[in-house]
Amino acid sequence: MEELLQSIIGESWILYVLLAAPPLVFILVYALVTVWTEMKVSAHMQDRLAYMYTGPHGILQPVADILKLLQKEDTVPAAADKPLFIMAPYLVFIGTYAGFAALPFSSAYIGSDINLGAFYIIAVSSIVVVGLLMAGWASNNKWSIFGAMRSAAQIVSYEIPTALALLVAVMITGSLNLQDVIRFQEGGILNWVVFGGPLPVVQKLLLLPFTVTAFLIMFIAGVAEVNRTPFDLPEAESELVQGYNTEYSGMKFAIFYLAEYANMYLVSGVAACLFLGGWSSPFGDFMSGPLWGVFWIVAKGYFFVFLQIWIRWTLPRLRVDQLMYTSWKVLIPFLFVCLFGVGLILVL
Amino acid sequence: MELTTIVFYVFAAITLIAGAIVVFSRSIVYSAFALLFAFFGVAGLYVLLMADFLAVTQLMIYVGAILVLLIFGVMLTTRVIDVQMRTGTIHVLPALLIVAALAGVLVHVLVSTDWKVLPELFTPEETAPQIGTALLTTYVLPFEVASVILLVALIGAAMIARRERKV
Amino acid sequence: MEAVRTYFRDIWKALSSIAVGLNVTIRHLVRPAVTIQYPDVKLKMPERARNRLYVNIDDCIGCDQCALACPVDCITIETIKATPDQDLGVTSTGHKKRLHVPRFDIDIAKCCYCGLCVYPCPTECIVMTDVYEFSEFDRHNLIYQFSAMKPDQIDDAKAKLKKAEEEAAAKKAAAAAAAEEKKKSEQSKQG
Amino acid sequence: MGILNYKFESGNILITSLDGLLNWARLSSLWQMQFGLACCAIEMMAASASNFDIMRFGVIPRATPRQCDVMIVSGTVTLKMATRIKRLFDQMPEPRYVISMGSCSNCGGPYWEHGYHVLKGVDRVIPVDVYVPGCPPRPEALLEGIIKLQEKVRKESLAKKTVPTA
């Protein structure tokens, strides 16, 4: 895609803008769809209907929500730290959006084909933490700051299982470049890393328990990293009002919302790329190609988004100590075992 | 001007301005948050120097870990609702001396370096495998020693922070 | 050893219970919703539903029983006695109406829907209906006025009553005066 | 909304169709303040539950007043609570609406005469848009109140905040 565009408009800054735009467009459309899906899925899980009066089955509801949020008064509390308060939501969104740069959308399109793709995504998402801390501090509200601190502690401690689980996949594929990782898994569902990758059958069978565990842990840690139930302690309404976005209204809140949903897809997309073959078709050569690639990656990513929604409306919230116990005493030891096992099998 | 040059100046400006805020801001919180942009700018400069692994590591370690720790420290050491965290100016003379010495060294390095300009944009080789190989072959001893020291520090911190269990 | 076993058992328990929960929610996802889509479909009220009060003013005899029974005093009744020459008719239960009811206000905003006013009514004219959709933009619209009398009718009735009362008073005075006269004359006779 | 007050008295096609869109957005996404005061709150919860499902109208409970559009005052407003309600209302950003639910918050209800501790109607501290009568109102009655409020929002205009109702 880069070459194609380059041949049309030549080397100029417009090229780079055009190359950077697709993820943004995707995020906006995806967020609208997911807001609606989340509410509909939650409602039907509770035998309700939700959203019936804005278009058929309320499909225009997200549009109404956005238009309404645009009209809302944009308040900045008098006691807040104004510059930081205004900057925080954008910083959170930038952190998320920067992650999308290295997320492949098809064999022909990736925002930035860097060698350290997966590592870069993990690194850049730490800007989100600073953004959340900034929001919490600048609001000058105790609930905000408690929410921000919980959120930061949670994201920082769950980054470790995410990175370790990522290492398991990287050890098998031998590359941090997400495009290479996906190319490695091309050729059907059995070549996916979660099923041991395209290795000899004996090795695959031996790898299977470790890859499945790593994949599960990657997903759990991903849910925790985007602060969703059952790990939504930073936004626990019953304790902290709304967490770090308690004082945000109107458009600034909408940007937080957008970043949260974009983050959901980001962790899902990374998990799909590393373990489920990204844009590669599950049927080998059938239904593969750049455009089908877009379909497959979005379908796989969206499946995880749906899974996150499903889990959110099933499980209650964890306690803080349970949260830390899960990360440090369950996920990380299991991943160490996985790393060791995978290393041993690959070497032998 | 070439795009790379513009990007370089943008990152340099971000780094310098953020650094200035870190130093001159009266509020510790502002300094801490400005550090984010300083680190970010430095990471950008690393990318321009073809050191992509270093850039990402910079983001990961400094922004993801050290800065968060720093902000946590700043926030926890003050009362939660109190924003009045100020820094004063103390020890002007020793500071000036140290800064002058440091500036001398830096200027000396700047002058004595044999600057080379890359002829054109070239695709960088992967730095991650090289760094990995170097760390596990040539520098394996310092690497392991450093990790053992860190482990000891970690265990020590856990020991100190642990609440005494009443028997 | 026990600790290790508990550790793994806890993990297994957590995973299996999550699976149970997910199973429940996904089954509900595909089940049809139970929602009654209110403005389009309405729930039928049960027979003895207590909602908005209604007063059939034609049957009201102005006995004030309901106002007395009301625990929150949301019913205000004013009455004017009918003069003997006026025939107000009878209620559907056969009670003779002897009072005009120029004012029968119920402040529905205050009403607590207890239904205590319904039971003492001798003519069963105050009832609880099944109307529950009557929200208002202005609170004063929630004061319901049931009296059918127009202001001139009220004035008329008042005037008539006043006249009748005056006449009665005059008659009484005349009778009293006559009695006095009689008494005086008797006294003088005796004297 | 206040800037444009009475600048477009007559209105034109652009303003009116834009009004229509913006009003539609506002009325179909009335986020509700997640708080309940007394027994009416139980009915409010029932209205959110599966059988009545207030979310069909786009009403989502939000925990913080900063993100709310409508405050449903559901229940007895004690004098102590009145100050809190006033503060929460002040924290809500414009445009904001209030539904007074049930007799107690309409006018004091059973406590209108002898309740020494009860505010005689929440409209003494905050402006109320819709009064839903009932003690407590049925969940449907609350839904009807929401529909009534939506009607009111539909009649609003960018130029004038509220068109006086006939």
Side-chain angles (χ1 to χ4, degrees), chain A residues 35-36 38-40 42-55 57-78 80 139 141 143-144 147 232 235-254 256-257, chain D residues 1-4 18-35 45-70 87-88 90-97 139 143 146-147 150-151 153-154 156-158 161:
Chain A
V35 168
W36 182 83
E38 165 129 45
M39 285 306 162
K40 275 292 185 184
S42 75
H44 282 278
M45 275 177 178
Q46 296 162 3
D47 294 346
R48 293 186 288 130
L49 286 168
Y51 300 159
M52 292 302 285
Y53 296 97
T54 41
H57 280 264
I59 49 168
L60 291 176
Q61 185 67 35
V63 181
D65 284 346
I66 288 289
L67 275 177
K68 182 214 70 180
L69 283 170
L70 267 170
Q71 293 175 67
K72 285 297 266 186
E73 184 185 355
D74 215 357
T75 50
V76 178
S139 298
N141 175 326
W143 311 125
S144 294
D232 68 337
E235 292 170 36
E237 298 100 78
S238 44
E239 307 153 30
L240 294 183
V241 189
Q242 233 353 266
Y244 52 84
N245 57 30
T246 299
E247 293 290 346
Y248 283 88
S249 70
M251 248 1 246
K252 294 201 208 78
F253 166 68
F256 267 125
Y257 215 52
Chain D
M1 302 303 294
I3 311 161
L4 290 169
L18 186 66
D19 264 351
L21 180 70
L22 294 180
N23 287 346
W24 168 79
R26 251 192 348 270
L27 71 88
S28 37
S29 161
L30 289 165
W31 291 0
Q32 162 208 345
M33 176 87 215
Q34 190 183 35
F35 86 127
M45 291 172 217
S48 303
S50 302
N51 267 10
F52 303 104
D53 192 15
I54 205 166
M55 205 197 262
R56 286 179 296 124
F57 301 95
V59 181
I60 311 175
R62 299 297 309 180
T64 157
R66 301 277 182 209
Q67 292 150 20
C68 294
D69 307 286
V70 56
R87 170 179 279 201
L88 284 173
D90 288 343
Q91 282 174 341
M92 281 162 66
E94 291 273 358
R96 54 195 171 182
Y97 306 97
L143 296 185
I146 297 271
I147 295 169
Q150 289 185 335
E151 273 167 29
V153 176
R154 188 172 277 129
E156 276 180 6
S157 116
L158 203 64
K161 189 164 183 238

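Naming: A, B, ... by sequence-line order, numbering from 1 per chain.
Proximity to chain A is absent for every atom of D:Leu27, based on heavy atoms less than 4.5 angstrom apart. Using a 4.5 Å cut-off between heavy atoms, A:Tyr53 contacts chain D through both its backbone and its side chain. For A:Thr246, the parts lying near chain D are the backbone and the side chain together; criterion is any non-hydrogen pair under 4.5 Å. Proximity to chain D involves both the backbone and the side chain of A:Leu60, based on heavy atoms less than 4.5 angstrom apart. Looking at D:Asn51, there are no atoms closer than 4.5 Å to chain A (heavy atoms on both sides), in backbone or side chain.
Most heavy-atom pairs under 4.5 Å with chain D, from the set A:Gln46, A:His57, A:Glu247, A:Met39: that is A:Glu247.
Between the side chain of A:Asp47 and the main chain of D:Ser50, no donor-acceptor pair closer than 3.5 Å is present. Looking only at distances, no side-chain donor or acceptor of A:Glu73 sits under 3.5 Å from a matching main-chain atom of D:Pro93. Using a distance-only test at 3.5 Å, with no hydrogens or angles considered, a donor-acceptor pair links the side chain of A:Gln61 to the main chain of D:Ser28.
The shortest non-hydrogen separation linking D:Asp53 to A:Arg48 is OD1-NH1, 2.9 Å. Residues D:Ser29 and A:Asp65 share a closest heavy-atom pair of OG-OD1, 2.6 Å. Heavy atoms only, all atoms of each residue included: A:Lys72 and D:Asp69 are closest at NZ-OD1, 2.9 Å. D:Gly58 and A:Tyr51 make their closest contact through CA-CE2, 3.9 Å (heavy atoms, listed as atom of the first residue, atom of the second, distance).
A cation-pi geometry, defined here as NZ or CZ lying under 6.0 Å from the six-membered ring centre and within 45° of its normal, holds between A:Lys68 and D:Trp31.
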> Should A:Tyr248 and D:Thr64 be marked as a side chain to side chain contact (heavy atoms under 4.5 Å, CB included) after you check the CA-CA gap, both sets of side-chain angles, and the distance that decides it?
Replying inline: CA-CA 9 Å; A:Tyr248 283 88; D:Thr64 157; over 6 Å; no
**Asked** Does the side chain to side chain contact (heavy atoms under 4.5 Å, CB included) test come out yes or no for D:Gln67 and A:Asn245, once each step is laid out?
**Response** CA-CA 9 Å; D:Gln67 292 150 20; A:Asn245 57 30; 4.0 Å; yes
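Note that the CG atom of A:Asp74 and the CZ atom of D:Arg66 stand 11.0 Å from one another [nearest 0.5 Å].
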